[in-house]
Amino acid sequence: MKSKLLSLGFFSLTAVSPFFIPSLTPSASAGCVGVTAGTQIAISREASQSTRVNRQSSPGCSGSTSVSTGKQVCINNDGACEQRRTVNQNFQGGNRRGGYDPVKDINVDVNVPVHVKSPRAPFSNR
């Protein structure tokens with residue numbers, strides 16, 4: 001009888017525990033959010049492609065979001081393509097708890113360089 005009561009008590013505790021666990025778990029929070037997404041496409045014999053992302057954020061930044069997208073296309077069958085992309089993001093959000101919270105900013109960078117080598121003068125005069 002004691003084992004049945006014990007197992008019933010354990011079952012009851014596990015059945016209601018999902019309602020108590022969120023109150024014991026600290027909530028998730030983030031600082032400022034910066035996102036860059038870019039594509040560089042070069043169809044040429046040679047290509048030089050680069051992306052530089054510069055970010056600055058005020059201490060304790062919260063509530064600011066910046067999204068930057070870009071596309072560069074270069075077609076040069078007889079030579080080279082040079083593609084440079086620079087992204088500058090500066091965040092001036094409100095303070096979260098006086099700026100002493102150890103929560104970090106979220107930065108996501110997705111930059112895709114694509115180089116398709118072209119043959120020499122594919123359509124020359126005949």
Side-chain angles (χ1 to χ4, degrees):
M1 182 71 174
K2 283 186 178 183
S3 66
K4 286 184 180 182
L5 286 175
L6 183 60
S7 61
L8 180 63
F10 182 70
F11 174 75
S12 299
L13 180 62
T14 57
V16 296
S17 65
F19 298 108
F20 295 113
I21 291 176
S23 64
L24 301 175
T25 306
S27 61
S29 62
C32 291
V33 179
V35 178
T36 66
T39 304
Q40 294 171 318
I41 301 169
I43 301 172
S44 63
R45 290 195 324 225
E46 296 178 25
S48 176
Q49 300 166 306
S50 68
T51 299
R52 171 191 276 178
V53 179
N54 303 311
R55 285 194 184 94
Q56 291 183 342
S57 180
S58 62
C61 185
S62 177
S64 286
T65 302
S66 177
V67 177
S68 170
T69 61
K71 174 179 69 171
Q72 295 176 329
V73 178
C74 175
I75 300 173
N76 188 347
N77 287 329
D78 295 327
C81 289
E82 183 174 330
Q83 297 168 311
R84 304 278 177 254
R85 180 170 180 257
T86 302
V87 177
N88 296 309
Q89 294 177 333
N90 188 3
F91 300 104
Q92 300 292 325
N95 278 346
R96 57 177 181 257
R97 293 187 221 157
Y100 300 107
D101 195 354
V103 176
K104 302 287 184 184
D105 294 338
I106 296 174
N107 300 314
V108 179
D109 301 322
V110 180
N111 297 293
V112 181
V114 176
H115 179 217
V116 178
K117 287 196 170 202
S118 67
R120 290 187 181 193
F123 302 109
S124 61
N125 292 335
R126 297 175 196 211

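- How far CD1 of Ile43 is from SG of Cys74: 9.0 Å, rounded to the nearest 0.5 Å.
- Residues Gly63 and Cys32 share a closest heavy-atom pair of N-SG, 4.3 Å.
- Closest heavy-atom contact between Phe91 and Ser66: CE2-CB, 3.5 Å.
- In plain terms, the two heavy atoms of Gln49 and Pro113 that are nearest each other are OE1-CB, 3.5 Å.
- Contact detail for Cys81 and Ile75: the closest heavy-atom pair is SG-N, 4.2 Å.
- Every residue two or more places apart in sequence or in another chain that forms a side chain to side chain contact (heavy atoms under 4.5 Å, CB included) with Asp109 is listed here: Thr36, Val53, Arg55, Asn111.
- Partner Ser48 forms a side-chain hydrogen bond (donor to acceptor under 3.5 Å, both in side chains) with one of Arg84, Gln83, Glu82 and no other, that one being Arg84.
- Neither Val87 nor Val110 shares a network with the other; the hydrophobic side chains, linked directly or stepwise wherever heavy atoms of I, L, V, M, F, W or Y lie under 4.5 Å apart, form separate groups for each.
- No donor-acceptor pair closer than 3.5 Å links the side chain of Gln92 to the backbone N or O of Ser64.
- The shortest non-hydrogen separation linking Ser50 to Gln40 is O-NE2, 3.0 Å.
- For Ala47 against His115, the heavy-atom pair with the smallest separation is CB-CD2, 3.5 Å.
- Rounded to the nearest 0.5 angstrom, Lys117 NZ and Arg45 CZ are separated by 10.5 Å.
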